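For reference, the structure discussed in these notes is given below.
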Amino acid sequence: EQHAEQVKKCQQLQSAYEMAFCTYHQLLSDSCSMYAKCYASKVTAQAEIYAAVRVTEAGRKAEYSAASDIMCLLDVFGVSDAERPAKYQECAGKTTDTSKYNIDYHDTPVALDCDMGPVEVYPCLGQWQYDHYTSKTWYLQAPTTVCTPCVHIEPPTDIPTPSPATS
């Protein structure tokens with residue numbers, strides 16, 4: 001009876017362990033998925049904002065150049081008749097430096113890799129059974145019960161199960 005109680009307790013602990021790992025698997029999978037979606041949406045938003053800012057930047061530069069040209073042309077009226085043709089030619093050949101209105105567009109940061117490695121092997125896969133149970137020296141004296149599968153994962157097919165450890 002004491003042995004049966006201990007077996008029951010061990011089975012409950014095994015099930016809790018497997019369910020906890022499945023929860024970890026699901027949380028990591030969900031986090032990676034959410035990160036990928038968030039990253040993609042932010043890259044799209046950045047591209048849209050940059051496009052709008054480039055239009056505004058070009059407009060501001062054109063506005064500044066036009067105002068500078070107008071100021072130069074108005075100066076033509078303030079010089080003598082003899083100086084006017086040269087002053088006008090000076091305005092006509094003038095280029096306005098708009099570099100102070102340049103905006104730096106930073107590169108989009110590279111997406112980080114989401115490491116699913118820690119959960120690639122999960123409860124009920126043959127490799128999981130081997131890594132966590134059957135390869136252990138205690139397994140022959142205290143075999144595990146039926147594995148509790150992760151409910152959020154489709155069960156795999158045709159996965160070989162490694163042989164139990166021998167002592």
Side-chain angles (χ1 to χ4, degrees), residues 13-136 147-162:
L13 289 172
Q14 175 191 334
S15 182
Y17 172 59
E18 292 164 353
M19 287 190 296
F21 193 91
C22 289
T23 299
Y24 171 51
H25 184 283
Q26 185 167 19
L27 290 172
L28 185 57
S29 297
D30 290 350
S31 294
C32 288
S33 177
M34 286 188 300
Y35 172 77
K37 288 176 187 172
C38 180
Y39 178 83
S41 74
K42 298 307 176 193
V43 167
T44 299
Q46 181 186 38
E48 291 169 357
I49 291 168
Y50 278 11
V53 171
R54 281 186 176 93
V55 169
T56 302
E57 177 185 16
R60 294 283 183 250
K61 287 179 177 182
E63 194 174 74
Y64 179 75
S65 292
S68 178
D69 290 349
I70 290 168
M71 294 298 292
C72 186
L73 290 171
L74 287 174
D75 287 345
V76 171
F77 294 107
V79 296
S80 69
D81 287 343
E83 297 171 309
R84 214 167 269 146
K87 184 65 177 166
Y88 176 74
Q89 286 305 316
E90 179 186 319
C91 291
K94 175 179 166 272
T95 57
T96 305
D97 179 15
T98 60
S99 62
K100 64 183 174 182
Y101 297 107
N102 289 351
I103 295 176
D104 291 330
Y105 297 91
H106 302 284
D107 293 336
T108 302
V110 175
L112 300 175
D113 288 332
C114 197
D115 184 11
M116 291 290 293
V119 295
E120 283 178 354
V121 177
Y122 48 86
C124 302
L125 289 181
Q127 189 63 48
W128 165 273
Q129 300 283 54
Y130 180 77
D131 292 346
H132 295 267
Y133 304 134
T134 61
S135 66
K136 307 301 179 190
C147 184
T148 305
C150 298
V151 295
H152 67 283
I153 301 173
E154 284 289 322
T157 57
D158 299 333
I159 295 178
T161 304

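Note that this is a predicted model, so its numbers are computed, not measured.
Pairing each heavy atom of Val79 with each of Val76, the nearest pair is CG2-O, 3.2 Å.
The shortest distance between side-chain heavy atoms of Glu18 and His132 does not fall below 4.5 Å. Side-chain contact check for Pro123 versus Thr148: every heavy-atom pair is 4.5 Å or farther apart.
The stretch residues 100-122 participates, sequence neighbours left out, in no salt bridge (Lys or Arg N to Asp or Glu O under 4.0 Å) pair at all. Contacts classified as side-chain hydrogen bond (donor to acceptor under 3.5 Å, both in side chains) and involving residues 30-42 (residues at least two apart or in different chains) are not found. Within the structure, salt bridge (Lys or Arg N to Asp or Glu O under 4.0 Å) pairs that include any residue of residues 64-77 comprise Asp69-Lys94 (at least two apart or interchain). Counting only residues at least two apart or on different chains, no ring-ring contact (aromatic ring centres under 6.0 Å, His included) pair has a member in residues 65-92.
Put simply, the residue from Thr96, Asn102, Asp97 that forms a side-chain hydrogen bond (donor to acceptor under 3.5 Å, both in side chains) with Ser99 is Asp97.
For Met116, the side-chain contact (heavy atoms from CB on, under 4.5 Å) criterion is met by Leu28, Ser29, Cys32, Val119, not counting sequence neighbours. Scored by the salt bridge (charged side-chain N to carboxylate O under 4.0 Å, His left out) test, Arg60 finds Glu63 as partners (sequence neighbours excluded).
A salt bridge is defined here as a Lys NZ or Arg NE, NH1 or NH2 lying under 4.0 Å from an Asp or Glu carboxylate O, and Lys87 with Glu90 meets this definition.
Sulfur-sulfur distance for Cys150 and Cys124: not below 2.5 Å, with no disulfide indicated.
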